[in-house]
Amino acid sequence: MINGAEDCPIQSISLQGIKLHIAAPAPEIAAEVGGNFDLRGAVVRSPDDAIFKHDIPALYARYVNDLKIRGFEVTWDSNLPSYFSSAIECNHFHNFQIEGFEGRQAQLKGRAPAIALSNGSVVSIRDADAAPGTGTFLSVHDVRDEGLFVDNDVKNARSVFKARKCAFTMHGNELPGGVKIGH
């Protein structure tokens, strides 16, 4: 988790060469504490902000500027509780770059996308691979100034985008059915 604040976003983070495998928690723990973010160790404005219900992605970032992720691979156990969601979720961001991501959503038949982006601006995704079993590869909600969607292999995804509109500059992407697109 990378968690800034609206009035003080986290600046200039770079993550590189990370392989992350999410294992199922013990059943007695999963039922009691799962599906929540616990920020009690962080500075929060009120006790209500310390623990809150939220699906759990492999990587969660909120209120960040200039976040770069390169070489990020996510795999999941097959018996995860239903509250595990996307491989990457980022909201309230500016200038987010993803390069060399490989993965999918946590649940094979789940509704979460592999990558979920919301309330941000300037994003580029390149050289990403949708792992077998990917549902929707990328969900975009209220994101402005999309950048590049280039050289991604998303042929294993049932769908590539979930968005009202998509304004990425696209080139060299391999889509389901072996189709290549670009303009």
Side-chain angles (χ1 to χ4, degrees), residues 1-6 8-25 37-39 41-43 54-77 80 84-107 110 112-141 143-157 160-163 166-175 182:
M1 173 185 275
I2 302 169
N3 188 49
E6 184 174 6
C8 186
I10 305 256
Q11 302 283 338
S12 301
I13 299 284
S14 181
L15 304 174
Q16 188 167 340
I18 296 173
K19 290 184 178 185
L20 187 59
H21 178 78
I22 307 294
F37 280 151
D38 185 346
L39 301 176
V43 176
H54 195 284
D55 286 342
I56 308 297
L59 173 67
Y60 178 76
R62 176 173 73 165
Y63 296 113
V64 294
N65 294 337
D66 301 315
L67 174 60
K68 295 174 181 67
I69 298 173
R70 290 191 173 92
F72 184 56
E73 181 181 337
V74 177
T75 57
W76 307 87
D77 269 359
L80 291 169
F84 283 95
S85 59
S86 300
I88 299 171
E89 181 179 338
C90 187
N91 58 58
H92 302 285
F93 64 88
H94 175 72
N95 194 25
F96 184 25
Q97 297 176 27
I98 301 171
E99 185 177 333
F101 162 72
E102 183 178 339
R104 64 166 173 81
Q105 75 286 348
Q107 310 296 330
I115 301 172
L117 306 175
S118 63
N119 303 305
S121 62
V122 187
V123 60
S124 291
I125 301 170
R126 60 174 54 222
D127 298 319
D129 290 330
T134 300
T136 299
F137 183 73
L138 175 63
S139 173
V140 177
H141 177 74
V143 174
R144 300 164 315 283
D145 302 323
E146 290 102 332
L148 300 173
F149 191 81
V150 174
D151 295 331
N152 299 296
D153 182 348
V154 291
K155 68 180 174 282
N156 288 319
V160 178
F161 295 109
K162 180 180 178 187
C166 183
F168 283 98
T169 298
M170 294 188 257
H171 179 72
N173 298 296
E174 193 166 338
L175 302 179

**OP:** Kindly give the heavy-atom pair with the smallest separation between Thr134 and Ala114, and that separation in Å.
**Re:** CG2-CB, 4.2 Å

**OP:** For Lys155 and Leu175, work out which heavy atoms get closest and say how close.
**Re:** CB-O, 3.5 Å

**OP:** State whether the side chain of Asn152 and the backbone N or O of Ala128 hold a donor-acceptor pair below 3.5 Å, judged by distance alone.
**Re:** yes

**OP:** Show your working on side-chain contact (heavy atoms from CB on, under 4.5 Å) between Phe96 and Val143 and close with a plain yes or no.
**Re:** CA-CA 11 Å; Phe96 184 25; Val143 174; over 6 Å; no

Original post:
If you look at every heavy atom in Gln107 and Leu80, which pair is closest and at what distance?
Top reply: NE2-O, 3.6 Å

Original post:
Can you find a side-chain donor-acceptor pair between Asn119 and Asn91 that sits under 3.5 Å?
Top reply: no

**OP:** To the nearest 0.5 angstrom, please state how far the CG atom of Asp55 sits from the CD atom of Gln105.
**Re:** 12.5 Å

**OP:** Look at the rings of Phe137 and Phe149 and say which category their plane angle falls in: under 30° parallel, 30 to 60° tilted, over 60° perpendicular.
**Re:** perpendicular

**OP:** Taking the side chain as every heavy atom from C-beta outward, state whether Ser85 and Tyr60 have any pair of such atoms under 4.5 Å apart.
**Re:** no

Subject >> From CA spacing to verdict: side-chain contact (heavy atoms from CB on, under 4.5 Å), Val74, Arg104 >> reply: CA-CA 7 Å; Val74 177; Arg104 64 166 173 81; over 6 Å; no

Original post:
What is the distance from atom CD of Gln16 to atom OG of Ser14, rounded to the nearest 0.5 Å?
Top reply: 6.0 Å

**OP:** To the nearest 0.5 angstrom, please state how far the CD1 atom of Ile125 sits from the CG atom of Leu148.
**Re:** 10.0 Å

Subject >> Heavy-atom side-chain contact between Val160 and Leu138 under 4.5 Å >> reply: no

**OP:** Taking all heavy atoms of Asn65 and all of Pro9, pick out the closest pair and write down the distance.
**Re:** ND2-CG, 3.4 Å

Original post:
Looking at side-chain heavy atoms only, is the closest gap between Leu15 and Arg70 below 4.5 Å?
Top reply: no

Original post:
How close do Ser139 and Pro113 get, heavy atom to heavy atom, and via which atoms?
Top reply: CB-CG, 3.5 Å

Original post:
Heavy atoms, side chains only, cut-off 4.5 Å: are Leu67 and Phe93 in contact?
Top reply: no

Subject >> Spacing of CG belonging to Asp127 relative to CD1 belonging to Ile98, to within rounding of 0.5 Å >> reply: 12.0 Å

Original post:
Does the side chain of Val123 reach to within under 4.5 Å of the side chain of Leu117, using non-hydrogen atoms?
Top reply: yes

Subject >> Leu59 side chain reached by Ile18 side chain, heavy atoms, under 4.5 Å >> reply: no

Subject >> Reported CD1-to-CD distance for the pair Ile56 and Glu89, which is rounded to 0.5 angstrom >> reply: 9.5 Å

Subject >> Ile2 CD1 to Ile13 CD1 distance, which is reported to the nearest 0.5 Å >> reply: 5.5 Å

Subject >> Flag side-chain contact, heavy atom, 4.5 Å: Thr169 against Glu146 >> reply: no

Original post:
In terms of the angle between their ring planes, are Phe168 and Phe161 parallel, tilted or perpendicular, with boundaries placed at 30° and 60°?
Top reply: parallel

**OP:** Verify whether one side chain among Asn3 and Arg62 offers a donor that lies under 3.5 Å from an acceptor in the other.
**Re:** yes

Original post:
Are any side-chain N or O atoms of Trp76 and backbone N or O atoms of Ala58, one a donor and one an acceptor, separated by less than 3.5 Å?
Top reply: no

Original post:
Out of Asp145, Val64, Val122, which one pairs with His94 under the side-chain contact (heavy atoms from CB on, under 4.5 Å) rule?
Top reply: Val122

**OP:** State whether the number of non-hydrogen atoms from other residues, nucleotides or ligands found under 6.0 Å of Lys68 atom NZ is greater than 12.
**Re:** yes

Original post:
Do the side chains of Asp151 and Arg126 get nearer than 4.5 Å, heavy atoms only?
Top reply: no

